[in-house]
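A quick write-up on the structure given underneath.
We name chains A, B, ... by the order of the sequence lines, and we start the count at 1 in each one.
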Amino acid sequence: MYSIVSTAIIRGIRSIPISVEADVSDGLPMFEMVGFLASEVKESRERVRTALKNSGFMLPPKRITVNFTPANIRKSGSGFDLPIALAVLASLGHIKGDGLKAVFLIGEVGLNGRLQPVDGVLPMIAEAKERGIGKCIVPAENGREAALVSGMEVYAAGTIREAVDILNGAGKILPKVPYYIEETGKKTVDFSDIGGQKAVKRACEVAVSGMHNLLLIGPPGAGKTMLAGRIPTILPAPNEKEQMEISKIYSVSGLLGGHGGWMRERPFRAPHHTATPQALAGGGGMPKPGEISLAHRGVLFLDELPEFRKETLEILREPMEEKKISLARLGGSCEYPADFMLVAAMNPCKCGYYPDVRKCTCSPAAIEKYIGKISRPLLDRIDICAELPQLGFGELRKNGEEETSAQIRARVQRTLDIQQKRYRNENFCCNSQIPAVRIAEFCSLDSRQEKYMEHMYETLNLTARSYHKILKVARTIADMEQSERIELRHLNEAVCYRSIDKKFWEGRG
Amino acid sequence: MNYAYWLSNIPGIGIRSRNCLLAAAGSAEEVYRLTKQQLLAIHGIGERQACQIAESKNRDYEKAFEALEKRGIGFISREEREFPDRLRNIPDAPYSLYFLGELPGREDMKKKLVAIVGARRCSAYGHAVAEKLGHTLAASGAGVVSGMAQGIDASGHRGALQGGGRTFAVLGSGVDICYPAYSRELYEEIAEHGGVISEYPPGTQPRPGLFPARNRIISGLSDVVVVVEARARSGSLITADYALEQGKDIYAVPGRLYDALSEGCNRLIGQGAGMLFDVGEFLNELKIYGMKHEGTENFKKLLLEKDENLVYSCLSLRPKSLEQVLEETGLTVPEAADILARLIRKQFIAETARNYYIRQI
């Protein structure tokens, strides 16, 4: 008897539908599986056979053939056990009528028949729903995640036996999980935790207001990591569509567990500086999202920037332009979204005390070498650079009223709204993305300002690129004040955030 | 054949052997004509040196000398009249010099030459003082001599160039090697408005051992040596020692107690060096006239707006970060950034490193 069930595999964060067919016929007793299978799927045969036996289903001495379609896609992953088992059981007549029709199945089984959770359930179920499938059975541990997709009847099964019972009309539908389940109770971080540091906090706000990438420079222990970790809290709250995008990536990576099944906050990823290019970009025989994709719609924080290997940093160039990364691997190519804000941090020199020459023990050559380790193209993509000076004890002790993240976030939202309105007919949406050829149009200066900037250009040894960055940042500062025109004071502030370049440190200590 | 050039470039013959040869023979040409037996008879010349001298006569020194001239590198020895007289009589006087541009001439000597030396890793204040001093000296007609090292030396040269004066750099490497390499622009400008000088043959790489010795030429060429900033054990103090040995006046810029960068200077003052507490008086003592009178600080302050004055008052001669300025004035970032930019424009303050500010002197 012939039967067919629906399941899926994950490519990137997209799910590709796969059908599993089973047929039981007379002939030499055997269990054959075909359809371009990876080795972990081939192993599924032994797992399923034993699990069925231990669940109380006897496999008759017949010829059992299982086929996976479409046959041109390589099948990988461990989620095929449940579909295979149920397709075989249906062929043997253990499932009533059209119980398997329009049901999505996914799950790994143990030899005792228990179902094990798999990664990537959220995008699979979401995609199945789009295909018009209204019912699904997932392992119990994946139940909450699957139930996030509205309009899907989600059944969670603990064993193969339970799954069969569900298909035969027993079991109860899991209720749709509300987005905002249980407050985790852990204290969230907030900008008001940081005392003082007015200059750098302002720089963060400007950076977020125009989606500019940010570089923080400061001695060890000045609070760079603390500050960077709070930047997601002043980014505008992610909307439902963005939350879904983030959650899908985390689902595919198997990281949703700790987040109550749903990513409500913007992610903050801080890979260590020993990270390999693959760790950052994603990859592996079966590609998994890398750090840049896990930071999608959030903040990618690279602490100790000069310590990162050059090859690792070079990886960032394309995703920062394209907002996504395409990986080609043995098992096929896939694409992960990677729209993140880059926040990098570094010491001003090897010992960390420059420009305090009384403490700094680095020679100018050593300082130049330290800065030279950072990839130029990466620096070119960073618009704002801010220093964190070492705090004196007096400043540490002071506990004045500090602004909360919510207050800052409200202002940021307003500034971003202005930009969205201005660029509604363009293919970019914020000031950091204005292409070089159109800067004159959006960041126009009057003749007096032009003259002033010409003077600055010469005294500060600017390059064309750093000049453009100053204009873009000035545009953001003007937007923060809801000013249509860029004023001189906006330019002056933008100059304070100008990016470092090789010539910069040559200045005088 | 330039015999002096030959004598300066025999492998294995150093300053000491050369002086022995010259003391015995009188001039480079005479040395060239000595036979091996005669050479061996000279006190201080052994078998090895005699062989090397004999061997060197087979080499083509004329071609090398022509190549030197083609590259614009000048050569002068003690035997020539144009050799700076000041260097003839110092202890361990150099036998020959290589130079780009010019050597200090009689005119320069008459107008006074001042050596500005100090720490390589110096403070923003030290930079500013050296530059201002170089500028004032140049504007008053005096020349500046230094070693082109980073820090005080470079600022002294730079100030002199900005003041439109002449300046001379004595290197610890060959004159064709710009060290430190990033001072290329300065190096070329010095060669144009003065000269780059070295006693070492072109191609000599900078080595730590060569630098102390060149300091005797810096002090030897100058009328007076000014130490701007120096740590307790600093190379600048070697220059001061040479100056003392050569009977030159030494001045030091006084600094604060416990300030590591001023320890050397303060110690010099304690030992009897002149204290450079007022540039005007310093110039008077040196009989350098022609300095324009400048307005005092109080007069300058009248030119500032109220908010500018608030920021200016909180700055000092030590760099302060933007954060500190905000802390002390209570201004917001946009306000402070605007005021600081205006003050820089008016040349009341300077930005020494990114977002670190200092009063302009």
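Atoms OG1 and CZ, from B:Thr332 and A:Arg202 in turn, are 7.0 Å apart once rounded to the nearest 0.5 Å.
Shown here is B:Tyr179, whose OH atom has no more than 12 heavy atoms of other residues, nucleotides or ligands within 6.0 Å. Within a 6.0 Å radius of OH in A:Tyr353, no more than 12 heavy atoms belonging to other residues, nucleotides or ligands are found. In the displayed structure, A:Arg381 atom CZ is contacted under 6.0 Å by more than 12 heavy atoms of other residues, nucleotides or ligands. Crowding of B:Lys346 atom NZ: a count of heavy atoms from other residues, nucleotides or ligands under 6.0 Å exceeding 12. Within a 6.0 Å sphere centred on CZ of A:Arg414, other residues, nucleotides and ligands contribute more than 12 heavy atoms. Atom NZ of A:Lys373 is surrounded by more than 12 heavy atoms from other residues, nucleotides or ligands within 6.0 Å. Shown here is A:Arg485, whose CZ atom has more than 12 heavy atoms of other residues, nucleotides or ligands within 6.0 Å.
Interface residue B:Arg231: only side-chain heavy atoms are found under 4.5 Å from chain A. Both the backbone and the side chain of A:Cys385 come within contact range of chain B, judged by heavy atoms closer than 4.5 Å. For chain B, no part of A:Ala203 is nearby; none of its heavy atoms comes within less than 4.5 Å.
Residues of residues 487-494 of chain A having a heavy atom under 4.5 Å from any heavy atom of chain B, listed by number: A:Leu488, A:Arg489, A:Asn492, A:Glu493.
The residues B:Arg354 and A:Glu387 are annotated as salt-bridged, a charged nitrogen and a carboxylate oxygen being separated by less than 4.0 angstrom. Salt bridge status for A:Arg498 with B:Glu351: present, with a side-chain N to carboxylate O gap under 4.0 Å.
Per-residue heavy-atom pair counts under 4.5 Å with chain A were compared for B:Glu335, B:Gln150, B:Arg120, B:Arg345, and the maximum is reached by B:Arg345. Ranked by heavy-atom pairs under 4.5 Å with chain A, the first of B:Gly151, B:Pro334, B:Ala154, B:Gly126 is B:Pro334. Ranked by heavy-atom pairs under 4.5 Å with chain A, the first of B:Leu261, B:Leu322, B:Leu340, B:Asp259 is B:Asp259.
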